Number of protein chains: 2
Amino acid sequence: MERDRRRVSEAVIRRLPKYYRYLMELKKNGVQRVSSSELGQKMGLTASQIRQDFNCFGGFGQQGYGYNVAELCEEFKKILGLDRQYNMIVVGAGNLGQALANYSGFEKEGFFIKAMFDVNPRLIGMSIRGIEIYDVDNLRSYVASQHIDIGVICTPKEKAQEVAELLVSCGIKYIWNFAPIDVVLPDDVIVENVHLSDSLYILCYRINAKS
Amino acid sequence: MERDRRRVSEAVIRRLPKYYRYLMELKKNGVQRVSSSELGQKMGLTASQIRQDFNCFGGFGQQGYGYNVAELCEEFKKILGLDRQYNMIVVGAGNLGQALANYSGFEKEGFFIKAMFDVNPRLIGMSIRGIEIYDVDNLRSYVASQHIDIGVICTPKEKAQEVAELLVSCGIKYIWNFAPIDVVLPDDVIVENVHLSDSLYILCYRINAKS
(Lines give C-alpha, C1' and ligand atoms only; values in the text may rest on other atoms or scores of the structure.)
Protein backbone atom coordinates (compact mmCIF):
# COMPACT_ATOMS: atom_id res chain seq x y z
CA MET A 1 0.00 0.00 0.00
CA GLU A 2 1.23 3.44 -0.94
CA ARG A 3 1.76 5.59 2.14
CA ASP A 4 1.20 9.29 1.94
CA ARG A 5 3.30 10.40 4.87
CA ARG A 6 2.44 14.04 4.36
CA ARG A 7 -1.01 13.23 5.71
CA VAL A 8 0.27 11.74 8.96
CA SER A 9 -0.61 14.14 11.76
CA GLU A 10 1.93 15.56 14.18
CA ALA A 11 0.25 13.71 17.06
CA VAL A 12 0.65 10.36 15.30
CA ILE A 13 4.29 11.14 14.44
CA ARG A 14 4.98 11.92 18.12
CA ARG A 15 3.54 8.52 19.09
CA LEU A 16 5.66 6.50 16.62
CA PRO A 17 8.78 6.19 18.83
CA LYS A 18 6.58 5.05 21.70
CA TYR A 19 5.04 2.29 19.56
CA TYR A 20 8.52 1.24 18.52
CA ARG A 21 9.75 1.15 22.14
CA TYR A 22 6.81 -0.90 23.39
CA LEU A 23 6.91 -3.33 20.47
CA MET A 24 10.67 -3.88 20.84
CA GLU A 25 10.10 -4.58 24.54
CA LEU A 26 7.39 -7.14 23.72
CA LYS A 27 9.68 -8.76 21.15
CA LYS A 28 12.52 -8.86 23.69
CA ASN A 29 10.17 -10.58 26.13
CA GLY A 30 9.35 -13.25 23.55
CA VAL A 31 5.78 -12.09 22.88
CA GLN A 32 4.77 -13.21 19.38
CA ARG A 33 1.35 -11.63 18.90
CA VAL A 34 -0.37 -8.63 20.42
CA SER A 35 -3.88 -7.28 19.94
CA SER A 36 -4.62 -3.57 19.65
CA SER A 37 -6.41 -3.70 23.01
CA GLU A 38 -3.47 -5.40 24.77
CA LEU A 39 -1.04 -2.90 23.29
CA GLY A 40 -3.39 -0.05 24.13
CA GLN A 41 -3.62 -1.13 27.74
CA LYS A 42 0.16 -1.11 28.07
CA MET A 43 0.56 2.24 26.33
CA GLY A 44 -2.38 4.06 27.85
CA LEU A 45 -4.18 4.36 24.51
CA THR A 46 -7.50 2.95 23.30
CA ALA A 47 -7.54 0.02 20.88
CA SER A 48 -9.37 2.16 18.35
CA GLN A 49 -6.74 4.90 18.63
CA ILE A 50 -4.04 2.35 17.88
CA ARG A 51 -5.90 0.91 14.89
CA GLN A 52 -6.45 4.45 13.61
CA ASP A 53 -2.74 5.26 13.99
CA PHE A 54 -1.70 2.03 12.29
CA ASN A 55 -4.07 2.74 9.42
CA CYS A 56 -1.93 5.78 8.56
CA PHE A 57 0.73 3.27 7.54
CA GLY A 58 -1.38 0.59 5.89
CA GLY A 59 -2.87 -1.16 8.93
CA PHE A 60 -0.37 -4.03 9.53
CA GLY A 61 -2.65 -7.06 9.33
CA GLN A 62 -5.82 -8.31 10.94
CA GLN A 63 -7.64 -7.31 14.06
CA GLY A 64 -8.92 -10.07 16.33
CA TYR A 65 -6.09 -12.39 15.42
CA GLY A 66 -3.70 -9.69 16.65
CA TYR A 67 -0.51 -8.28 15.19
CA ASN A 68 2.69 -10.23 14.66
CA VAL A 69 5.11 -8.48 17.02
CA ALA A 70 8.32 -9.21 15.11
CA GLU A 71 6.78 -8.05 11.83
CA LEU A 72 5.41 -4.93 13.47
CA CYS A 73 8.87 -4.13 14.87
CA GLU A 74 10.31 -4.37 11.37
CA GLU A 75 7.54 -2.15 9.98
CA PHE A 76 8.16 0.52 12.59
CA LYS A 77 11.89 0.30 12.03
CA LYS A 78 11.28 1.06 8.36
CA ILE A 79 8.73 3.80 9.05
CA LEU A 80 11.12 5.51 11.46
CA GLY A 81 14.05 5.04 9.12
CA LEU A 82 15.93 2.97 11.70
CA ASP A 83 16.92 0.39 9.07
CA ARG A 84 20.01 2.38 8.08
CA GLN A 85 23.02 4.15 9.63
CA TYR A 86 23.21 7.86 10.43
CA ASN A 87 26.45 9.77 10.89
CA MET A 88 26.34 12.71 13.26
CA ILE A 89 28.66 15.45 14.39
CA VAL A 90 28.21 17.29 17.69
CA VAL A 91 28.99 20.99 17.94
CA GLY A 92 29.65 22.03 21.52
CA ALA A 93 31.72 19.56 23.54
CA GLY A 94 30.62 20.79 26.96
CA ASN A 95 28.70 18.78 29.55
CA LEU A 96 25.79 17.79 27.38
CA GLY A 97 27.86 17.16 24.24
CA GLN A 98 30.20 14.95 26.24
CA ALA A 99 27.27 13.09 27.81
CA LEU A 100 25.94 12.32 24.33
CA ALA A 101 29.38 11.15 23.19
CA ASN A 102 29.74 8.95 26.26
CA TYR A 103 26.37 7.31 25.70
CA SER A 104 26.78 4.15 23.63
CA GLY A 105 23.04 3.51 23.32
CA PHE A 106 22.61 5.54 20.15
CA GLU A 107 25.13 3.39 18.26
CA LYS A 108 23.07 0.30 18.90
CA GLU A 109 20.26 2.00 17.00
CA GLY A 110 22.51 3.03 14.11
CA PHE A 111 23.45 6.59 15.15
CA PHE A 112 27.19 7.25 15.13
CA ILE A 113 28.83 10.40 16.45
CA LYS A 114 31.82 10.74 14.12
CA ALA A 115 33.37 13.89 15.57
CA MET A 116 32.80 16.77 17.96
CA PHE A 117 33.67 20.44 17.52
CA ASP A 118 34.28 23.22 20.01
CA VAL A 119 35.96 26.61 20.34
CA ASN A 120 37.52 25.85 23.73
CA PRO A 121 41.29 25.17 23.39
CA ARG A 122 41.17 23.01 26.52
CA LEU A 123 38.70 20.64 24.83
CA ILE A 124 40.15 20.64 21.31
CA GLY A 125 42.41 17.62 20.85
CA MET A 126 40.68 15.57 23.53
CA SER A 127 38.72 12.49 22.60
CA ILE A 128 35.74 10.78 24.22
CA ARG A 129 35.26 7.05 23.63
CA GLY A 130 37.43 7.53 20.55
CA ILE A 131 35.40 10.49 19.30
CA GLU A 132 37.80 13.37 18.64
CA ILE A 133 37.05 16.98 19.54
CA TYR A 134 38.18 19.32 16.76
CA ASP A 135 38.41 23.08 16.43
CA VAL A 136 35.12 24.36 15.02
CA ASP A 137 37.23 26.14 12.36
CA ASN A 138 37.82 22.69 10.86
CA LEU A 139 34.13 21.82 10.68
CA ARG A 140 33.63 22.86 7.05
CA SER A 141 36.55 20.84 5.71
CA TYR A 142 35.61 17.87 7.89
CA VAL A 143 32.04 17.79 6.59
CA ALA A 144 33.27 18.21 3.02
CA SER A 145 35.35 15.03 3.31
CA GLN A 146 32.88 12.86 5.26
CA HIS A 147 29.31 11.78 4.83
CA ILE A 148 27.48 13.46 7.72
CA ASP A 149 23.69 13.26 8.03
CA ILE A 150 22.85 15.01 11.26
CA GLY A 151 24.34 18.03 13.02
CA VAL A 152 23.80 18.07 16.79
CA ILE A 153 23.88 21.47 18.48
CA CYS A 154 25.01 21.41 22.12
CA THR A 155 26.30 24.97 22.34
CA PRO A 156 25.05 27.72 24.66
CA LYS A 157 21.97 29.40 23.25
CA GLU A 158 23.89 32.51 22.19
CA LYS A 159 25.88 30.46 19.67
CA ALA A 160 23.16 28.12 18.44
CA GLN A 161 21.82 30.16 15.52
CA GLU A 162 25.30 30.83 14.17
CA VAL A 163 26.28 27.16 14.48
CA ALA A 164 23.03 26.06 12.84
CA GLU A 165 23.73 28.36 9.88
CA LEU A 166 27.29 27.04 9.65
CA LEU A 167 26.03 23.44 9.57
CA VAL A 168 23.47 24.25 6.89
CA SER A 169 26.05 26.14 4.81
CA CYS A 170 28.17 22.96 4.90
CA GLY A 171 25.27 21.04 3.38
CA ILE A 172 23.83 19.45 6.53
CA LYS A 173 20.04 19.38 6.27
CA TYR A 174 19.12 17.68 9.53
CA ILE A 175 19.65 19.31 12.91
CA TRP A 176 19.17 17.89 16.41
CA ASN A 177 19.15 20.97 18.59
CA PHE A 178 19.70 20.93 22.36
CA ALA A 179 20.23 24.68 22.77
CA PRO A 180 17.28 26.35 24.51
CA ILE A 181 16.37 28.46 21.48
CA ASP A 182 14.43 27.90 18.25
CA VAL A 183 16.92 28.20 15.42
CA VAL A 184 15.61 29.84 12.24
CA LEU A 185 16.66 27.99 9.09
CA PRO A 186 15.52 27.49 5.48
CA ASP A 187 12.33 25.45 5.05
CA ASP A 188 14.10 22.43 3.59
CA VAL A 189 16.15 21.94 6.78
CA ILE A 190 14.60 19.61 9.37
CA VAL A 191 15.13 20.61 12.99
CA GLU A 192 14.20 18.47 15.97
CA ASN A 193 14.57 20.16 19.35
CA VAL A 194 15.28 18.79 22.80
CA HIS A 195 14.49 21.71 25.07
CA LEU A 196 15.35 20.51 28.56
CA SER A 197 14.21 23.67 30.30
CA ASP A 198 10.89 23.64 28.41
CA SER A 199 10.33 20.16 29.77
CA LEU A 200 11.17 21.31 33.29
CA TYR A 201 8.81 24.30 32.95
CA ILE A 202 5.99 21.98 31.89
CA LEU A 203 6.61 19.83 34.96
CA CYS A 204 6.39 22.99 37.07
CA TYR A 205 3.21 24.08 35.38
CA ARG A 206 1.63 20.75 36.24
CA ILE A 207 2.87 20.94 39.83
CA ASN A 208 1.27 24.34 40.25
CA ALA A 209 -1.87 23.55 38.28
CA LYS A 210 -2.42 20.61 40.63
CA SER A 211 -1.82 22.38 43.93
CA MET B 1 -10.21 36.25 36.82
CA GLU B 2 -10.53 32.70 38.09
CA ARG B 3 -8.52 30.31 35.94
CA ASP B 4 -9.68 26.78 35.48
CA ARG B 5 -6.40 25.14 34.58
CA ARG B 6 -7.97 21.73 34.14
CA ARG B 7 -9.50 23.01 30.94
CA VAL B 8 -6.19 24.07 29.40
CA SER B 9 -5.42 21.67 26.56
CA GLU B 10 -2.21 19.68 26.30
CA ALA B 11 -1.25 21.59 23.14
CA VAL B 12 -1.53 24.95 24.94
CA ILE B 13 0.46 23.63 27.92
CA ARG B 14 3.22 22.49 25.55
CA ARG B 15 3.39 26.02 24.09
CA LEU B 16 3.68 27.80 27.46
CA PRO B 17 7.47 27.43 27.85
CA LYS B 18 7.92 28.74 24.32
CA TYR B 19 5.87 31.83 25.10
CA TYR B 20 7.93 32.36 28.22
CA ARG B 21 11.22 32.01 26.30
CA TYR B 22 10.22 34.45 23.58
CA LEU B 23 8.80 37.00 26.00
CA MET B 24 11.90 36.88 28.20
CA GLU B 25 14.01 37.41 25.09
CA LEU B 26 11.93 40.46 24.10
CA LYS B 27 12.23 41.82 27.63
CA LYS B 28 15.99 41.27 27.59
CA ASN B 29 16.15 43.21 24.31
CA GLY B 30 14.31 46.12 25.89
CA VAL B 31 11.05 45.65 24.00
CA GLN B 32 8.19 47.15 26.04
CA ARG B 33 5.10 46.22 24.08
CA VAL B 34 4.31 43.46 21.61
CA SER B 35 1.18 42.75 19.59
CA SER B 36 -0.18 39.24 19.09
CA SER B 37 0.72 39.46 15.40
CA GLU B 38 4.33 40.51 16.10
CA LEU B 39 4.71 37.73 18.65
CA GLY B 40 3.05 35.27 16.29
CA GLN B 41 5.43 36.15 13.49
CA LYS B 42 8.42 35.47 15.72
CA MET B 43 7.01 32.23 17.08
CA GLY B 44 5.51 30.83 13.88
CA LEU B 45 1.96 31.05 15.20
CA THR B 46 -1.02 33.08 14.03
CA ALA B 47 -2.15 36.13 16.02
CA SER B 48 -5.51 34.50 16.61
CA GLN B 49 -3.87 31.35 17.94
CA ILE B 50 -1.92 33.45 20.43
CA ARG B 51 -5.01 35.37 21.57
CA GLN B 52 -6.86 32.07 21.95
CA ASP B 53 -4.01 30.61 24.03
CA PHE B 54 -3.80 33.73 26.19
CA ASN B 55 -7.54 33.61 26.78
CA CYS B 56 -7.05 30.32 28.63
CA PHE B 57 -5.34 32.43 31.29
CA GLY B 58 -7.51 35.51 31.33
CA GLY B 59 -6.31 37.28 28.17
CA PHE B 60 -3.61 39.66 29.51
CA GLY B 61 -4.90 43.04 28.36
CA GLN B 62 -5.95 44.70 25.14
CA GLN B 63 -5.39 43.83 21.55
CA GLY B 64 -4.40 46.62 19.19
CA TYR B 65 -2.50 48.48 21.87
CA GLY B 66 -0.42 45.31 22.34
CA TYR B 67 0.73 43.47 25.43
CA ASN B 68 3.07 44.88 28.06
CA VAL B 69 6.11 42.59 27.74
CA ALA B 70 7.35 42.89 31.34
CA GLU B 71 3.88 42.23 32.73
CA LEU B 72 3.40 39.28 30.41
CA CYS B 73 6.74 37.81 31.55
CA GLU B 74 5.55 38.03 35.16
CA GLU B 75 2.23 36.43 34.26
CA PHE B 76 3.92 33.52 32.52
CA LYS B 77 6.34 33.13 35.39
CA LYS B 78 3.37 32.72 37.72
CA ILE B 79 1.47 30.42 35.36
CA LEU B 80 4.51 28.17 34.97
CA GLY B 81 5.23 28.30 38.69
CA LEU B 82 8.66 29.85 38.12
CA ASP B 83 8.11 32.38 40.91
CA ARG B 84 9.39 29.96 43.55
CA GLN B 85 12.33 27.61 44.22
CA TYR B 86 12.37 23.88 43.52
CA ASN B 87 14.71 21.42 45.17
CA MET B 88 15.68 18.39 43.13
CA ILE B 89 17.66 15.21 43.60
CA VAL B 90 19.16 13.27 40.72
CA VAL B 91 19.27 9.49 40.80
CA GLY B 92 21.91 8.12 38.46
CA ALA B 93 25.18 10.07 38.44
CA GLY B 94 26.39 8.81 35.07
CA ASN B 95 27.01 10.95 31.99
CA LEU B 96 23.63 12.56 31.80
CA GLY B 97 23.21 13.04 35.55
CA GLN B 98 26.62 14.68 35.70
CA ALA B 99 25.81 16.90 32.74
CA LEU B 100 22.67 18.13 34.53
CA ALA B 101 24.67 18.75 37.72
CA ASN B 102 27.32 20.66 35.79
CA TYR B 103 24.76 22.89 34.10
CA SER B 104 24.24 26.04 36.13
CA GLY B 105 21.40 27.35 33.97
CA PHE B 106 18.65 25.64 35.94
CA GLU B 107 19.65 27.42 39.15
CA LYS B 108 19.08 30.79 37.51
CA GLU B 109 15.47 29.71 37.01
CA GLY B 110 15.08 28.51 40.60
CA PHE B 111 15.85 24.79 40.20
CA PHE B 112 18.46 23.49 42.60
CA ILE B 113 20.00 20.03 42.49
CA LYS B 114 20.62 19.34 46.18
CA ALA B 115 22.16 15.87 45.91
CA MET B 116 22.81 12.98 43.55
CA PHE B 117 22.53 9.26 44.21
CA ASP B 118 24.13 6.25 42.56
CA VAL B 119 24.98 2.61 43.18
CA ASN B 120 28.49 2.86 41.71
CA PRO B 121 31.17 2.90 44.47
CA ARG B 122 33.49 4.85 42.15
CA LEU B 123 31.00 7.70 41.98
CA ILE B 124 29.74 7.69 45.58
CA GLY B 125 31.63 10.30 47.59
CA MET B 126 32.47 12.45 44.58
CA SER B 127 30.94 15.88 44.19
CA ILE B 128 30.09 17.94 41.12
CA ARG B 129 29.99 21.74 41.50
CA GLY B 130 29.49 21.11 45.21
CA ILE B 131 26.69 18.62 44.65
CA GLU B 132 27.53 15.41 46.51
CA ILE B 133 26.95 11.94 45.12
CA TYR B 134 25.56 9.63 47.81
CA ASP B 135 24.85 5.92 47.95
CA VAL B 136 21.29 5.31 46.80
CA ASP B 137 20.80 3.37 50.05
CA ASN B 138 20.85 6.76 51.79
CA LEU B 139 18.15 8.26 49.58
CA ARG B 140 15.24 7.57 51.91
CA SER B 141 16.86 9.13 54.98
CA TYR B 142 18.12 12.09 52.91
CA VAL B 143 14.66 12.86 51.54
CA ALA B 144 13.12 12.48 55.02
CA SER B 145 15.40 15.21 56.36
CA GLN B 146 15.24 17.63 53.42
CA HIS B 147 12.52 19.35 51.45
CA ILE B 148 12.77 17.81 47.98
CA ASP B 149 10.21 18.65 45.30
CA ILE B 150 11.41 16.85 42.19
CA GLY B 151 13.14 13.51 41.66
CA VAL B 152 15.19 13.33 38.46
CA ILE B 153 15.76 9.85 37.02
CA CYS B 154 18.98 9.48 35.02
CA THR B 155 19.48 5.74 35.46
CA PRO B 156 19.60 3.11 32.72
CA LYS B 157 16.10 2.08 31.65
CA GLU B 158 16.29 -1.24 33.51
CA LYS B 159 16.47 0.60 36.84
CA ALA B 160 14.07 3.44 36.15
CA GLN B 161 10.81 1.86 37.34
CA GLU B 162 12.38 0.69 40.60
CA VAL B 163 13.94 4.11 41.24
CA ALA B 164 10.66 5.86 40.42
CA GLU B 165 8.85 3.69 42.96
CA LEU B 166 11.55 4.38 45.55
CA LEU B 167 11.19 8.14 45.02
CA VAL B 168 7.41 7.96 45.32
CA SER B 169 7.62 5.79 48.45
CA CYS B 170 9.80 8.54 49.96
CA GLY B 171 6.99 11.04 49.34
CA ILE B 172 8.26 12.63 46.13
CA LYS B 173 5.32 13.37 43.85
CA TYR B 174 7.06 14.99 40.89
CA ILE B 175 9.37 13.07 38.58
CA TRP B 176 11.56 14.31 35.73
CA ASN B 177 12.44 11.14 33.85
CA PHE B 178 15.32 10.85 31.38
CA ALA B 179 15.33 7.05 31.19
CA PRO B 180 14.00 5.78 27.84
CA ILE B 181 10.99 4.07 29.39
CA ASP B 182 7.54 5.15 30.58
CA VAL B 183 7.48 4.61 34.33
CA VAL B 184 4.14 3.45 35.76
CA LEU B 185 3.18 5.30 38.95
CA PRO B 186 0.08 6.22 40.97
CA ASP B 187 -2.21 8.79 39.36
CA ASP B 188 -1.33 11.55 41.79
CA VAL B 189 2.35 11.48 40.74
CA ILE B 190 3.30 13.86 37.95
CA VAL B 191 5.88 12.56 35.49
CA GLU B 192 7.52 14.62 32.77
CA ASN B 193 9.69 12.68 30.35
CA VAL B 194 12.71 13.67 28.30
CA HIS B 195 13.10 10.80 25.89
CA LEU B 196 16.22 11.60 23.89
CA SER B 197 15.97 8.57 21.64
CA ASP B 198 12.30 9.30 20.88
CA SER B 199 13.37 12.74 19.72
CA LEU B 200 16.10 11.24 17.53
CA TYR B 201 13.62 8.74 16.07
CA ILE B 202 11.26 11.56 15.17
CA LEU B 203 14.08 13.37 13.41
CA CYS B 204 14.76 10.16 11.45
CA TYR B 205 11.12 9.74 10.60
CA ARG B 206 11.09 13.25 9.12
CA ILE B 207 14.33 12.62 7.22
CA ASN B 208 12.82 9.53 5.62
CA ALA B 209 9.36 10.97 5.11
CA LYS B 210 10.99 13.79 3.17
CA SER B 211 13.27 11.73 0.96
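In this text, all values refer to a predicted model and were calculated from it rather than measured experimentally. Labels below follow one simple rule: chain letters A, B, ... track the order of the sequence lines, proteins then strands, and each chain is numbered from 1.
- Between B/Asn95 and A/Ala99, the shortest heavy-atom contact is O-CB, 3.6 Å.
- Residue A/Leu96 touches chain B through both its backbone and its side chain, counting heavy-atom pairs closer than 4.5 Å.
- Contact annotation for residues 175-196 of chain B against chain A (heavy-atom separation below 4.5 Å, listed by residue number): B/Ile175, B/Trp176, B/Phe178, B/Pro180, B/Ile181, B/Asp182, B/Asp188, B/Ile190, B/Glu192, B/Asn193, B/Val194, B/His195, B/Leu196.
- The two residues B/Ile13 and A/Ile202 come nearest to each other via the heavy atoms O-CG1, 4.0 Å.
- For A/Met43, no part lies near chain B; criterion is any non-hydrogen pair under 4.5 Å.
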Are A/Tyr86 and B/Leu203 close enough, and set up right, to give a side-chain contact (heavy atoms from CB on, under 4.5 Å), and what steps lead you there?
CA-CA 11 Å; A/Tyr86 297 87; B/Leu203 178 59; over 6 Å; no
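- With respect to the salt-bridge test (charged N to carboxylate O, under 4.0 angstrom), the residues A/Arg206 and B/Glu10 qualify.
- The shortest heavy-atom contact between B/Leu80 and A/Cys204 is O-CB, 3.0 Å.
- Chain A forms more heavy-atom pairs under 4.5 Å with one residue of B/Asn102, B/Asp149, B/Leu100, B/Leu16 than with any other, namely B/Asn102.
- Remark: B/Arg21 engages A/Asp198 in a salt bridge, criterion side-chain N to carboxylate O under 4.0 Å.
- Top candidate by heavy-atom pairs under 4.5 Å with chain B, chosen from A/Gly44, A/Gly94, A/Pro156, A/Ser199, is A/Ser199.
- Atom OH of B/Tyr201 and atom NZ of A/Lys18 lie 15.0 Å apart (nearest 0.5 Å).
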Walk me through it: do A/Phe76 and B/Tyr205 pass the test side-chain contact (heavy atoms from CB on, under 4.5 Å)?
CA-CA 10 Å; A/Phe76 273 91; B/Tyr205 171 81; over 6 Å; no
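- The part of B/Lys157 that comes within reach of chain A is its side chain, from C-beta onward, which places non-hydrogen atoms under 4.5 angstrom from that chain.
- The 12-atom threshold is not exceeded at CD of B/Gln41, counting heavy atoms of other residues, nucleotides or ligands nearer than 6.0 Å.
- In this structure, no portion of A/Gln98 lies under 4.5 Å from any heavy atom of chain B.
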